[in-house]
Amino acid sequence: MAVASIFFGSLSGLTTFLLCALRNAIIAYDRYTKRIFILFLILIPALGLFSNNRGALGLLPVITTIIYTVGQYYLKSDFRIKSNIALNLLLWAIYDFLVLDIVSGVVDAVSTIVTVGAIFRDRHIKH
């Protein structure tokens, strides 16, 4: 996705995707502490705004990544985590279509639908 951002001329997309990859690796190794969370809350808007070459459109990856980063730190229930993922995928799908990255847009849109379906399936099974 970072490489696609280069192709579609979105430096803020490139920056946020690289930060997302780093954040996700830290989470995967169970090292996502409050200090690291705060560091990402500083780095994402700072580097995202600095690298933004797409105006208002370039702000969407920054906002999307901030929302998801906060959610990853605070949300603990399956429903809330999946809802955060669905929102993230939806926002990325919108962004993808706006920068004409149709393949990523379709993948993110379908992933959003699948995630929302999983949320409803889980809610139905539990009730």
Residues 39-52 side chain polar contacts: donor-acceptor under 3.5 Å, at least two apart:
residue : atom : partner : partner atom : Å
S51     : OG   : T15     : OG1          : 3.0
S51     : OG   : L47     : O            : 2.8
S51     : OG   : G48     : O            : 3.4
N52     : OD1  : R54     : N            : 2.9
N52     : OD1  : G55     : N            : 3.4
N52     : ND2  : G55     : O            : 2.8

When the side chains of residues 2-10 are checked against the rest of the protein, which donor-acceptor pairs come out under 3.5 Å, sequence neighbours left out?
residue : atom : partner : partner atom : Å
S5      : OG   : M1      : O            : 3.2
S10     : OG   : G13     : N            : 3.1
S10     : OG   : Y95     : OH           : 2.2

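N24 and Q72 make their closest contact through OD1-NE2, 3.5 Å (heavy atoms, listed as atom of the first residue, atom of the second, distance). When all heavy atoms of T69 and R23 are compared, the closest pair comes out as OG1-NH1, 2.7 Å. Between S12 and P61, the closest heavy-atom pair is OG-CG, 4.0 Å.
Scanning for side-chain contact (heavy atoms from CB on, under 4.5 Å) contacts around L90 gives I94, T112, with sequence neighbours left out. For T65, there are no side chain to side chain donor-acceptor pair (under 3.5 Å) partners, not counting sequence neighbours. For F120, the side-chain contact (heavy atoms from CB on, under 4.5 Å) test picks out V116, with sequence neighbours left out.
Looking at T115, its side chain never comes within 3.5 Å of a backbone N or O of A86 through a donor-acceptor pair.
At a threshold of 4.5 Å between side-chain heavy atoms, the hydrophobic network of Ile, Leu, Val, Met, Phe, Trp and Tyr places V107 and L89 in two separate groups. I63 and Y68 fall into different hydrophobic clusters, where Ile, Leu, Val, Met, Phe, Trp and Tyr residues are linked whenever their side-chain heavy atoms come under 4.5 Å apart, directly or through other members. Two different hydrophobic clusters hold V70 and L60 under the rule that ILVMFWY side chains link at heavy-atom gaps under 4.5 Å. A single hydrophobic cluster is seen to contain both Y73 and I36, as judged by linkage of ILVMFWY side chains at heavy-atom distances under 4.5 Å, directly or through other members. Neither V62 nor L98 shares a network with the other; the hydrophobic side chains, linked directly or stepwise wherever heavy atoms of I, L, V, M, F, W or Y lie under 4.5 Å apart, form separate groups for each.
Applying the salt bridge (Lys or Arg N to Asp or Glu O under 4.0 Å) test to every pair with at least one member in residues 104-115, sequence neighbours left out, gives no pairs at all. Applying the salt bridge (Lys or Arg N to Asp or Glu O under 4.0 Å) test to pairs two or more places apart or on separate chains, those with a residue in residues 79-102 are K82-D122. Among pairs with a residue in residues 32-47, none fulfils side chain to side chain donor-acceptor pair (under 3.5 Å), at least two apart in sequence or across chains.
Ring pair Y74/F37 is perpendicular by interplanar angle, where above 60° counts as perpendicular and below 30° as parallel.
The hydrophobic cluster around V110 extends to F97, I102, V106, V114, counting ILVMFWY residues whose side-chain heavy atoms fall within less than 4.5 Å of a member.
Remark: N88 CG to I85 CD1 distance equals 8.0 Å, nearest 0.5 Å. To the nearest 0.5 Å, the span separating OG on S77 from CG on L75 amounts to 7.0 Å.
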Set out, in order, the CA-CA distance, both residues' side-chain angles and the distance that settles side chain to side chain contact (heavy atoms under 4.5 Å, CB included) for F17 and W92, then state yes or no.
CA-CA 11 Å; F17 274 124; W92 277 112; 3.4 Å; yes
